Amino acid sequence: MQVANLALRFGMQVEGYDPYISVDNAWSMSRWVNHVKDEKELFSTADYITLHLPLMDSTKNTINKDTLALMKDGVKILNFARGGLANDEDMLEALNSGKVAVYVTDFPSPLLASHPNVVPIPHLGASTDESEENCAIKAADEVMEYLMNGNIINSVNMPNASAPFSGSYRICVMHDNKPKMISQITDCLAQEDANIENLLNKSKKEIAYTILDLDHKASKESIEKMKKISGVHRVEVYEK
């Protein structure tokens with residue numbers, strides 16, 4: 001998203017392909033970025049191609065003999081995502097033939113690193129003084145967001161679950177991802193006068209996380225009842 005918006009400032013015509021674009025990135029993307037629905041269309045029209053993909057079985061060797069054949073002669077490819085996204089042997093052949101004019105990457109393999117049309121860059125972007133400081137600040141902010149508001153952001157083994165603290169009292173429940181958990185949790189508040197003003201439930205594989213915002217404090221008895229539900233691992237409470 002940032003690369004696309006920046007390229008527009010350089011006066012480039014920008015096309016993007018992303019079948020899994022997030023809502024946040026969609027809102028942040030300039031409306032002048034043309035959304036391409038087929039990656040083959042992007043490969044065949046772009047003068048510069050920049051990769052922003054995770055490395056999985058489905059994305060390995062995204063740049064290969066077949067996709068290179070679709071590209072313009074003299075295409076420039078930038079890969080700062082993952083080394084395995086480009087097949088080194090096919091890339092070398094394309095560089096030698098002139099199909100690819102320049103390959104810029106911070107994953108230079110021994111096969112490509114010394115090629116005159118490869119720009120190899122050390123994979124150290126996260127090790128600069130500025131990045132180290134920014135990472136430390138971001139990590140501290142995310143921990144504080146959980147400790148103060150119960151929001152989970154960028155967790156490795158928990159779902160991303162973040163919502164504005166809309167009530168005066170919040171209950172966060174970590175539990176198994178199985179049927180009828182939410183109804184059991186809310187049933188614990190049935191005898192309360194507290195009104196659920198907002199409810200968020202997110203899951204990741206076997207684990208789930210539920211956030212409930214109430215208009216006033218729930219009783220200790222209700223909280224203890226929640227903790228005893230089979231499949232509940234943790235209950236945290238927050239007050240403004």
Side-chain angles (χ1 to χ4, degrees), residues 1-135 138 154 156-157 160:
M1 177 270 294
Q2 292 176 337
V3 171
N5 290 343
L6 183 61
L8 287 171
R9 297 188 180 187
F10 289 154
M12 303 176 77
Q13 177 181 333
V14 181
E15 296 183 342
Y17 172 76
D18 186 351
Y20 308 108
I21 189 168
S22 68
V23 174
D24 288 341
N25 278 352
W27 274 106
S28 301
M29 187 81 70
S30 168
R31 65 188 181 94
W32 299 109
V33 175
N34 180 39
H35 179 211
V36 176
K37 296 182 179 180
D38 185 346
E39 61 181 356
K40 293 182 179 179
E41 179 183 348
L42 187 147
F43 287 144
S44 63
T45 58
D47 298 299
Y48 290 81
I49 296 175
T50 176
L51 305 177
H52 305 266
L53 312 171
L55 181 60
M56 304 179 293
D57 290 340
S58 58
T59 62
K60 187 176 181 180
N61 292 330
T62 293
I63 304 301
N64 56 52
K65 187 183 296 289
D66 294 333
T67 53
L68 286 164
L70 298 172
M71 300 177 191
K72 290 182 176 182
D73 291 341
V75 67
K76 293 86 175 174
I77 300 176
L78 296 84
N79 177 18
F80 302 108
R82 294 291 185 269
L85 297 174
N87 182 284
D88 288 342
E89 290 77 12
D90 294 347
M91 180 63 74
L92 179 61
E93 183 179 338
L95 287 163
N96 290 335
S97 68
K99 167 63 78 171
V100 175
V102 177
Y103 180 48
V104 187
T105 182
D106 56 354
F107 299 96
S109 68
L111 186 64
L112 299 175
S114 61
H115 195 283
N117 293 334
V118 172
V119 181
I121 299 173
H123 187 66
L124 294 172
S127 298
T128 63
D129 290 342
E130 295 85 355
S131 294
E132 293 284 356
E133 181 177 350
N134 289 337
C135 287
K138 189 172 183 179
N154 294 330
V156 174
N157 52 10
N160 281 328

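It should be emphasised that the depicted structure is a prediction, and the values quoted were computed from it without experimental measurement. Reckoned from all heavy atoms, side chains included, excluding hydrogens, waters and symmetry mates.
- Inter-residue side-chain proximity for Val118 and Met91 is flagged as unmet; no heavy-atom pair is nearer than 4.5 Å.
- In this structure, OG1 in Thr67 is found 3.5 Å from CG in Asn64, a value given to the nearest 0.5 Å.
- No side-chain donor-acceptor contact under 3.5 Å links Lys40 to the backbone of Leu70.
- Note that the CD atom of Glu133 and the NZ atom of Lys138 stand 14.5 Å from one another [nearest 0.5 Å].
- Of the inter-residue distances, the one linking Tyr103 atom OH with Asp88 atom CG reads 6.5 Å to the nearest 0.5 angstrom.
- Here the closest heavy-atom approach between residue Pro120 and residue Ala113 is recorded as CG-O, 3.7 Å.
- Side-chain contact check for Ile63 versus Val100: every heavy-atom pair is 4.5 Å or farther apart.
- Across all non-hydrogen atoms, the minimal contact from Ala7 to Val14 is CB-CG2, 3.7 Å.
- Taking CG of Asn79 as the reference point, atom OG1 of Thr105 lies at 4.5 Å (rounded to 0.5 Å).
- No donor-acceptor pair under 3.5 Å is formed between the side chain of Ser30 and the backbone N or O of Asn5.
- Counting only heavy atoms from C-beta outward, the side chains of Glu93 and Asn96 never approach each other to under 4.5 Å.
- At least one side-chain heavy atom of Thr62 sits less than 4.5 Å from a side-chain heavy atom of Phe43.
- With a 4.5 Å cut-off on side-chain heavy atoms, Leu51 and Arg82 do not count as touching.
- Considering only heavy atoms from C-beta on, Val75 comes within 4.5 Å of Ile49 through its side chain.
- Residues Phe107 and Ser109 have side chains not in contact (no heavy-atom distance under 4.5 Å, counting atoms from C-beta outward).
- For the residue pair Thr128 / Ser131, a side-chain donor-acceptor distance below 3.5 Å is found, with atom types taken as modelled.
- In this structure, His115 and Leu92 approach most closely via the heavy-atom pair CD2-CD1, 3.6 Å.
- Not counting sequence neighbours, the partners of Glu89 by the side chain to side chain contact (heavy atoms under 4.5 Å, CB included) test are Asn87, Leu111.
- For the pair Lys99 and Ala69, the tightest heavy-atom approach, listed with the atom from each and the gap, is NZ-O, 3.9 Å.
- Between Lys76 and Ala101, the closest heavy-atom pair is CE-CB, 4.2 Å.
- Rounded to the nearest 0.5 Å, atoms CD (Gln13) and CH2 (Trp32) are 12.0 Å apart.
- Among pairs with a residue in residues 103-119, none fulfils salt bridge (charged side-chain N to carboxylate O under 4.0 Å, His left out), at least two apart in sequence or across chains.
- Note on residues 41-56: pairs passing salt bridge (charged side-chain N to carboxylate O under 4.0 Å, His left out), not counting sequence neighbours, are Asp47-Lys72.
- Expressed to the nearest 0.5 Å, how far CD1 of Ile77 lies from CG of Leu85 amounts to 11.5 Å.
- Here the closest heavy-atom approach between residue Lys37 and residue Tyr17 is recorded as O-CE1, 3.5 Å.
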